[in-house]
Structures are given as structure tokens and as C-alpha cells.
Amino acid sequence: MLNHATDISRRTFVGTGLAASAALVLTACSGDGAPSPTAPSGDVSTSSATKIDTDAFNGLVASGIVADDTTIAASSWAQAIKDRGTLLLGGVETSTLFSQLDDTDGKDYGFDAGLAQLLTRYVLGDADRYTLTQVTSDTRESVLQNGQVDCVFATYSITDDRKRVISFAGPYYESRQGILVAQDNTDINGIEDLAGKNVAVQSGSTGPDLLSEAAPDAKQQLFQTSLEAEEALSQGRVDAYAFDLTLLESVVAQQPESFKIVGEPFGTVDPYGIGLPLGSDGVSFVNDFLQKVEDDGTWAKLWQIAIGDRTNQSTAPEPPQVGKA
């Protein structure tokens, strides 16, 4: 039986160009928020990256609920996993806040990683009994269609086009637009303070239109990459940076001494779902699991450990309504 924490050799990577793809972060997966190739948001090699509390994370996962045999037997998807003894998981290991490989113990940490391990425990009674196949934005559908994995956790935005070829459980998380400012900024505390301010936005994303709607008097400055916008903010050439909140949270986790997020999220909701084979009865099974971890407080505790404590946020957001994928 695979023990994920020790058998790292069992990981596989789907797609071509391993070195390039390993740096890819599947954040803002609607296609609006690709990190700069020169500084991917999943790169936590810098000493300033805010580390996750691994003891708190592992303790939370170890206390997760376990489904009874009747619940498992009611789902052919779950029963197949139970019979196999291993959950086949599609995911990433390069996303700072959602699923990051820790080289010191060979385990994956983050919000997606935590939910995936909690689901593994729910089905199999042991959070380590999963095999990870690393995916990219180009391979997530194919690994589900060819049966290579049982599910995909990868900040996977739910879209109508994707729902034609796979199914989604969830949503389990939502991202919107956020506001990033310098750590010592006291003038900007929310969207209402952007009037007349120079605000960085990323060209080719939905950000400029969303900012125009929310703060029409802001003075937008377009940048081609997130790295360029971050540099402009750190140099004082802009007063704020408005972009996908999930990516901005990763920026803060990497550079907490330089940046902070202010105000409430704004703009269109981008729901993240768990990818499953098209038509699978695993959708209802996983949705039931998600509802349970939301209701018992596990979702909020995981958010605090994986995201809140690492981005100086003390209040967990309201989890999205499960089943509205």
C-alpha cells in the first residue's frame, strides 16, 4: 500500500516540459491570472516566504471525519477507491497557498492539499493513502477522461466549457479581485480609497473592466505581468495593485514584509471546483463531504492555517454554497 509521505517516487507528471511546467501555478484558472514566468507565485524558495504551520495542518487532517461503510457503498465512485485502497489524485505541488511540496518531509501543504487529504481520510480512513499525478491547465480534463485520476484539486475554475467534458463537485472556494498595497500604506483601506490613485492592473485580464466598474475614478496603469505590477508598487510608481485575490494572497505569503491586502474583495466571483469524471456519482459524494467539513468548522480552520495565518488575515470568508457548480 502506498504511503504518500514516504513514497515520493510514485508521483508522476502529466504533460511535456517538466522543468517549465513544474513552475506553473494553477491560480486564477479561468485564464485571467497567469503568474509571471520569471517569478511564479508558487516559487517559495525565497527566505521571506511565510511557512505554513505543519503541525497544525497535520493535526487538523488527522482529526478529519471518516465515512462509514454504508456511505461508501452508496457511491460507486467511492467504493472503487475503497476497493483499490488508494485515491488517485490530480494536483500540483508548486502553489504557495494551495498545494506546495515541502522537501523536508515530502508532504504537500496548502488549502487544496488539505481538502484532498481530508477527502482521502474520509474515504479510506488514512489521509496518506493517495497517489498524486501532477497536472497542468492543459491536462486536467484528459487525466479525468482517461481514468488516470479519480479527482482533480488544482484551483480549478468551474466553467460551462469544462462542464461539457467533466463534472465538478463544489464549489469549495471562491476568488474575486483584491487590492494589494505596500505594507506601510495607511491611505488605502478599501475600494472607495482608490479614487484618484494610480492603480496597477494586468493587461489581458478581466481586472481593468472590473476595476472600472468598482472604482471608476481610479487611474489605471496597465502591466503585462504580475511581476511588473508588483515592482511598480514596491517602487512607489503606483499606489495599489488590483488583481485576482488568490494570486495576491500568494504574493503576500512570499513577501509579507513588503505587501498587504486591504478592503473587501470585489468583482465577479470565480468559483473553484473539484474535477471528477463526467457523470460520476462521485459529485454527490464529494459534495456531501464538503458540506460536512464546512458545517463542522474544518473548512474555516484549514483556511486559517493554509491562507489566513500566512497572509495576515484573521477572519475566514464564508465558504461558497456547495452544489451550485
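Note that the structure is predicted; figures quoted are calculated from it, not measured.
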**OP:** With side-chain contact (heavy atoms from CB on, under 4.5 Å) as the test, would you mind laying out the steps for Thr54 and Tyr109 before giving the verdict?
**Re:** CA-CA 8 Å; Thr54 55; Tyr109 293 96; 3.6 Å; yes

**OP:** Run the numbers on Ser284 and Asn287 for side-chain hydrogen bond (donor to acceptor under 3.5 Å, both in side chains), then give the verdict.
**Re:** CA-CA 5 Å; Ser284 59; Asn287 278 345; over 6 Å; no

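For Tyr122 and Phe285, the ring centers sit closer than 6.0 Å to each other.
Using modelled atom types, one finds a donor on one side chain and an acceptor on the other under 3.5 Å when comparing Thr104 with Asp102.
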Sequence neighbours excluded and cut-off under 3.5 Å, please list the side-chain donor-acceptor pairs for residues 315-325, or say none.
none

Kindly list each side-chain donor-acceptor pair under 3.5 angstrom involving residues 207-218, sequence neighbours excluded, with atom names and distances?
unit_1, atom_1, unit_2, atom_2, d
Ser212, OG, Pro208, O, 2.9
Ser212, OG, Gln220, NE2, 3.0

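Of the possible donor and acceptor atoms, one in the side chain of Asp281 sits under 3.5 Å from a partner among the backbone N and O of Trp77. Judged by distance alone, the side chain of Arg129 and the main-chain N or O of Thr120 form no donor-acceptor pair under 3.5 Å. Between the side chain of Gln304 and the main chain of Gln313, a donor-acceptor pair closer than 3.5 Å is present.
Considering only residues two or more places apart in sequence or on other chains, Asp296 meets the side-chain contact (heavy atoms from CB on, under 4.5 Å) condition with Ile65, Val293, Thr298. Scanning for salt bridge (charged side-chain N to carboxylate O under 4.0 Å, His left out) contacts around Asp160 gives Lys163, with sequence neighbours left out. Shown here are the side-chain hydrogen bond (donor to acceptor under 3.5 Å, both in side chains) partners of Asp239, two or more places apart in sequence or in another chain: there are none. Every residue two or more places apart in sequence or in another chain was checked for a salt bridge (charged side-chain N to carboxylate O under 4.0 Å, His left out) with Asp103, and none qualifies.
With salt bridges taken as basic N to acidic carboxylate O contacts below 4.0 Å, one links Arg84 and Asp150.
Grouping the Ile, Leu, Val, Met, Phe, Trp and Tyr side chains by contacts below 4.5 angstrom, directly or via other members, places Phe259 apart from Leu194. Placement of Ile179 and Phe243 in two distinct hydrophobic clusters is found when ILVMFWY residues are connected by side-chain heavy-atom separations under 4.5 Å, directly or transitively. Linking ILVMFWY residues whenever their side-chain heavy atoms come closer than 4.5 Å, directly or via other members, leaves Ile188 and Val251 in distinct clusters.
Rounded to the nearest 0.5 Å, atoms CG (Leu180) and OG (Ser226) are 8.5 Å apart. Atom-to-atom distance recorded for Ile166:CD1 and Ile274:CD1 is 11.0 Å, nearest 0.5 angstrom.
Between Phe111 and Tyr173, the ring planes lie tilted relative to each other; the angle falls in the 30° to 60° range.
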